[in-house]
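Just so we're clear, the structure is a prediction, and the values are computed from it rather than from any experiment. Start at 1 and go down the list; that is how both ligands and their atoms are numbered.
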Amino acid sequence: MSDHHDLLRQLPAPRCAYLYDTRILRARATTLRAALPTNTTFLYAVKANGHPHVVRTLAGACDGLEVASGGELSLAVQAGARRIVFGGPAKTDTELAAAIAAGALINVESAHELRRLAALGHRGDICLRINRAGPALSGSHTMTGVPTPFGIDETQLPDILENLPDGLQVIGFHLHAVSNNLDGHAHAAFLTEAIGWSLKTAHRYGLSIRIVNAGGGLGVDYQSDQSIDLTPLASVQVPDNLELILEPGRWLTADAGWYATEVLDLKTTHGRTFAVLRGGTHHFRLPAAWGYSHPFTVLPVDDWPHPYPRLSVTDTEVDAVGELCTPRDVLTRGHHVTRLRTGDLLLFARAGAYGWDISHHDFLRHDPPTFLTI
Ligand SMILES: *Cc1c(COP(=O)(O)O)cnc(C)c1O
C-alpha cells in the first residue's frame, strides 16, 4: 500500500482525503464470484458507495447494479450496467418511469406501488419484495419478520396476487433481510431457506418464478480484520430453473476505501488525550452512527515547515475527534499510539462502504475531503 501512502503525503496540507482503490474492488468481485454457488449472480448495491469511479468499476466487475433512487439509477445507466434492479419503499412516479425506460427490473414494495406502476404503463416482469412472517438472520439491521416500511407483509400476498394489475408478471421474490452478517454458515442457511420459501410460495399461488433475490448483508468486522467466511455459500443448492441474486454493498467496497486525515492539534483535558482532526464524522459517520471505535493506523509525515514547535505524544491512548463543535464528533476512543505528532495522518481502513455516502457533509460547512481514485 506504499503507493497509497505516497499519494496521501503528496496532498497539500492540511491533508484530508478519501482514497478508493479500483484494483481492490475488482479483486473483491473476483473473489466473490469464485465463492458463489452455480446459478447465482451478484449485483453491486450502489448505496454503499456511489462514487462514479467505484460504480463504473463494479458495473464492469459484477453482473449488474442494484439501485434505490433516481440518482443511483442514472449513475448506473451512465456506468453502463449490464443489468439494473431498482428497489426501495418510496419510489416516485418520475423514478419509476425512469426505471421502466432503463429496462430495470423493479422490486415492488407495496400494493399501491403495483397500481402506480401499472398506471404508468408498465407491462412485463416484476419482483415482489416480501417482509416474511419469520425472522431471518441476526446482523445490524433486521428487515424482515419485524415491522418495517420495507416490502409487503407476507400475509397480504394472497390479496395482492388476486388483484395483480393486468400485464404484470411476478417472476421472483426479493428477500433482503439484514446488513453486516458475519456468520457465513448462517448466511448460507438463509439463502437455502429463502430459495425453499420462494419455491413453496410460488407453488402455493401458482406463480412461475425465475428469480430469488436474497439481497445484501455480507459483513465485515470493523473491530478486527475479519470478514464473513464465504466458504459455506458454495454448498447452497440453486435449482437449474432458478437464478439466485445477491446484492452485496459493504463486502465489495469496505476494503477498497481509506479515509485519511491530518492531526491539527493534540491536547489533554481532564486526563484524556485528544487528536483533533481536519475532518470527522461529517466525512465518516459510520463509527458514530453505529457507536463503535474505528481502528486507525498512523501515517507519519516528517515534513514540519512551521516556526512553532511540533506537538507530539508517545505511548499513550488518544481519542480521534473531528472538527465539528459537538462532543459526538468522535471516530475512535482510547486508541494506543506509539507516537503521534501534529501533521501526521490518521489512516482509517475499511472506509469504502457507508463512509462518505452516509455522512452529513454540510454540517459546519467545512471543506470536503479530496477524493483520490486509483
Ligand atoms: C442496503 C441494501 C443492500 C446492500 O446491503 P449490504 O449490507 O451493503 O450488503 C442490498 N439490497 C438492498 C435492497 C439494500 O437495501
Report summary line: Taking only non-hydrogen atoms of Arg250 and a 4.0 Å limit, the atoms of ligand 1 in range are 6 (P), 8 (O), 9 (O)
Query raised in the report: Based purely on interatomic distance, does Ala45 place a nitrogen or oxygen under 3.5 Å from a nitrogen or oxygen of ligand 1?
Result: no
Query raised in the report: For ligand 1, which atoms sit closer than 4.0 Å to a heavy atom of His174?
Result: 13 (C)
Report summary line: dist His112:NE2 -> Leu117:CG (nearest 0.5 Å) comes out at 12.0 Å
Query raised in the report: Is the shortest heavy-atom distance from the side chain of Leu264 to the side chain of Pro14 under 4.5 Å?
Result: yes
Query raised in the report: Do Arg250 and Asp255 sit within salt-bridge range, that is, some charged N less than 4.0 Å from a carboxylate O?
Result: no
Report task. Under 4.0 Å, heavy atoms only, figure out whether ligand 1 is touched by the backbone of Ser179, its side chain, both or neither. Result -> both
**Report entry** Tyr222 side, atom OH; Leu286 side, atom CG - distance, nearest 0.5 Å
**Finding:** 5.0 Å
Query raised in the report: Of all the atoms in ligand 1, which lie at a distance below 4.0 Å from a heavy atom belonging to Gly217?
Result: 5 (O), 6 (P), 7 (O), 9 (O)
**Report entry** Shortest heavy-atom approach to atom 5 (O) of ligand 1 - which of Phe86, Phe150, Tyr354
**Finding:** Tyr354
Report task. Decide whether Ile209 and Val85 are clustered together by the hydrophobic rule: side chain heavy atoms of Ile, Leu, Val, Met, Phe, Trp, Tyr closer than 4.5 Å, transitively. Result -> no
Query raised in the report: Less than 3.5 Å between some nitrogen or oxygen of Glu247 and one of ligand 1, yes or no?
Result: yes
Query raised in the report: What distance separates Cys62 SG from Arg82 CZ, expressed to the nearest 0.5 Å?
Result: 8.5 Å
Query raised in the report: With a cut-off of 4.0 Å, which atoms of ligand 1 are near a heavy atom of Pro248?
Result: 9 (O)
Query raised in the report: Any idea which atoms of ligand 1 are less than 4.0 Å away from a heavy-atom of Gly216?
Result: 5 (O), 9 (O), 10 (C), 11 (N)
Query raised in the report: Does one side chain, of Thr41 or Glu243, offer a donor that lies under 3.5 Å from an acceptor on the other?
Result: yes
Requested in this report: Enumerate the atoms of ligand 1 whose separation from the nearest heavy atom of Gly249 is less than 4.0 angstrom.
Outcome: 4 (C), 6 (P), 8 (O), 9 (O)
